[in-house]
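Step one of this worksheet: look at the structure below.
Fair warning: this is a prediction, and the values are worked out from it, not measured in the lab. Worth knowing before you read on, the calculation uses all heavy atoms, side chains too, and leaves out hydrogens, waters and symmetry mates.
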Amino acid sequence: MPVVDLQVDRKLICPNFDGYKLSFEPVPVLRQSLDRFPLRLEPHANQYSLLHTELFAKHNLLFSDPWARNNCYFMNASHQLLMSSYNEQEGQPRQQRIIYEIQRADHGDGYAHVVGDYNYTLRFISEKYCVLCDGMLTYMLLDTGDRERGATWQLLTRSPVTPNGIERGFVLHDARLDVVQERKQISLVAAHIGRRQQGDEFVSQLIWSRWSWTDEEAAAAGTWSYEVCQQLAAKGSIYYCAFEPRAQSLIICSNGELQTPAQHKAALEAAAAAAQADAVALYDWEQSETEVTVRFTLATNATRDDVKINSTASHLLVEHKSEILLDGALFAHVHEQLTHWTLQSGELELNLKKRQPKHWPRLLYAAAEQREEQDPDLQPPLPIPNLEEPIEDCDLPMNGSDDIKMVRFNLPKACVTHTIFLGATPPILCSTLRPGFPAAFATRHDIDAAIWLQQYQPARPDDWSVRHEGQLHAFGYVQASKEQRKFVDCCPQLDYAVICESYRHVFIYKPRNEAASGLRNRNGPPVVIGKQHLVTLPDDVGEVLGLVTAPKVIIILTAHAILYLQV
């Protein structure tokens, strides 16, 4: 499997950047009241896992239009989709307009939301179409008309996310419109938090589906046909999920191993075979919190010269007169220096010292399953160039066993074809920079934030890489210091980046500060200093529910108002 390296473009790095200077220039904040409060759903008592918390807490309820950056949309408590727009020439917001109203018949089961359903999600796929997921069971394809003029939207088709309708509650991650062989094709991927059929663990399930435009007859109007292409699952959080151009592959960033239902079934069968092998093995074993003891019954005249034992941190091999009694990988790592064995009256006993005190469900682990822990001695070093560099929260992993990877899952091959290893730090932000292109993502590069964009070549579909699109100077460092951050985004032109907390505070970072031009260190070259703005929101607007960035304005949706920050 090819491993893709993140190759930094040195031309985008500013070696003379000397941090951000707090600016006392006021940032105008325009307030627009709401006739009805935004619709926001809360999790059910049964939705208590970390995955549920992330899905509800990090959901951006304000949806941006990549083709018209000054327009944004949100759903109110009456299930009406409203458009909020900013007039850049006049510097004032336009009046809000209701452009679509959800009817009860538009929902898959004909009922309204209940506690535990997810919020609406909206994704624009062209200048004319958008996809709306109701958070319950249904996708809706809408014809938006001329969005610049605020035309009323029309429903084109409606389809259930899964044909069986067993699962309930979906969040649309990405949607994409492509023309394949002169036929329109809309690819969709939605997330659902569910339980494994075997076991009591929550997983992030991804449903990859597709709308295709088919002409029933030459003279008749065409129809949209819907099909589910693939279902994937990851035991962990989904940090990034987007299609590549032509939607033959899905790019997913997660801290859990990505599996198809067939791969998960194979892993369960391999684990069952390993457990059965343990049951019929020529040994028995027992364990304590810190040790494992394995016993073999041999002939009473057996000597130490007849026994051959090869024990490593993760593998154990036991032979008696060239007969293999045990050969396999241990369920978890042990201290190989502390392993010892004795042979007395035909009974061979091995004592293994566990590296981490925990219960082992079996002695050996199957080759098809993922080892539950990693050797602490084999952990990669922290991503810190040297001890003199500043250490922030994003330098330290939340869980020592997390290994965050970005993978490319190819649908025709039904497997992962490319991998990017990100260590223990998830992407800093994900943002759509250009309409029609996949969302860009940012990773920590020293103290900066490097912006990456997928690079796809139609002539060579088996090749895939990412391109260094831009650099947010020192933003990786300042982002890590904001522990109360809720939304992190950047301008499409990368002129500024913004960090928004749940209440009150918005931090705006501009890499270029024209007022600080010409500064230089003593007896050194000129330096570049950025500008930082701290905006304190009114205390009566409530919690921040969504954020959208445009070249000259930041639009923030709160529980009681919409705010326009003129940057």
Side-chain angles (χ1 to χ4, degrees), residues 26-43 52-65 69-77 80-86 93 96 118-123 135 171 237 239 393-394 426-432 439 442 449 472 475 478-492 496-510 532-567:
V27 175
V29 179
L30 306 179
R31 178 170 177 170
Q32 195 173 44
S33 59
L34 301 175
D35 295 335
R36 293 180 176 89
F37 294 150
L39 176 65
R40 184 193 183 190
L41 301 177
E42 300 292 341
H52 288 107
T53 303
E54 290 179 341
L55 202 58
F56 278 95
K58 296 182 179 180
H59 196 155
N60 193 340
L61 300 182
L62 192 62
F63 309 109
S64 174
D65 185 355
R69 298 293 300 200
N70 291 325
N71 295 348
C72 58
Y73 306 82
F74 71 95
M75 192 73 66
N76 66 11
Q80 296 172 334
L81 187 63
L82 278 79
M83 181 182 76
S84 297
S85 180
Y86 178 77
Q96 299 176 16
Y118 298 137
N119 292 281
Y120 286 94
T121 44
L122 183 71
R123 293 293 181 270
V171 171
S237 304
Y239 303 109
D393 293 341
C394 63
I428 295 175
L429 62 90
C430 300
S431 181
T432 301
L472 298 175
F475 188 69
V478 297
Q479 179 265 352
S481 64
K482 303 297 182 292
E483 297 182 354
Q484 304 298 323
R485 61 185 181 271
K486 183 174 183 179
F487 298 116
V488 182
D489 205 348
C490 64
C491 175
Y496 67 85
V498 57
I499 299 175
C500 185
E501 297 182 350
S502 299
Y503 294 93
R504 299 284 280 168
H505 295 138
V506 179
F507 303 89
I508 304 172
Y509 297 90
K510 299 179 181 179
Q532 174 190 355
H533 293 279
L534 172 59
V535 180
T536 302
L537 305 180
D539 57 357
D540 60 342
V541 297
E543 183 180 358
V544 174
L545 304 180
L547 180 143
V548 163
T549 59
K552 295 184 179 181
V553 66
I554 300 174
I555 307 176
I556 297 177
L557 174 67
T558 68
H560 303 292
I562 292 185
L563 305 177
Y564 299 83
L565 279 62
Q566 297 176 331
V567 295

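- Across all their heavy atoms, V535 and V29 have their closest contact at CG1-CG2, 3.9 Å.
- Between the side chains of S85 and N71, at least one donor-acceptor pair of N or O atoms lies under 3.5 Å.
- More than 12 heavy atoms of other residues, nucleotides or ligands lie within 6.0 Å of CD in E543, so this atom counts as buried by the packing criterion.
- One N or O on the side chain of T549 and one on the backbone of C490 form a donor-acceptor pair closer than 3.5 Å.
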What donor-acceptor contacts under 3.5 angstrom involve side-chain atoms of residues 560-567, with partners at least two apart or in another chain?
from	atom 1	to	atom 2	distance (Å)
Y564	OH	Q32	OE1	2.9
Q566	NE2	Y86	OH	3.0
Q566	NE2	G91	O	2.8

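- In this structure a side-chain-to-backbone donor-acceptor pair under 3.5 Å is missing from D489 to L429.
- Although no hydrogens or angles enter the test, the distance criterion places a donor-acceptor pair under 3.5 Å between the side chain of N119 and the main chain of L41.
- Under the 3.5 Å distance criterion, the side-chain polar atoms of K482 are left unmatched by any main-chain donor or acceptor of I499.
- Counting only residues at least two apart or on different chains, the salt bridge (Lys or Arg N to Asp or Glu O under 4.0 Å) pairs with a member in residues 552-567 are E88-K552.
- In this structure, the ring of Y120 has its center no less than 6.0 angstrom from the ring center of F74.
- Ring planes of F507 and Y509: parallel class, angle under 30° (limits at 30 and 60°).
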Exercise for the section: For R40 and H59, run side-chain contact (heavy atoms from CB on, under 4.5 Å): C-alpha distance rounded to whole Å, both residues' side-chain angles, the deciding distance at 0.1 Å, then the answer. Expected result: CA-CA 10 Å; R40 184 193 183 190; H59 196 155; over 6 Å; no
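- Formation of a donor-acceptor pair under 3.5 Å by the R504 side chain with backbone atoms of L537 is found in this model.
- Closest non-hydrogen pair, A559 versus F37, comes out as O-CD2, 3.5 Å.
- When the shell of 6.0 Å around CG of D35 is examined, it contains 12 or fewer heavy atoms from other residues, nucleotides or ligands.
- The shortest heavy-atom contact between N76 and L39 is O-CB, 3.3 Å.
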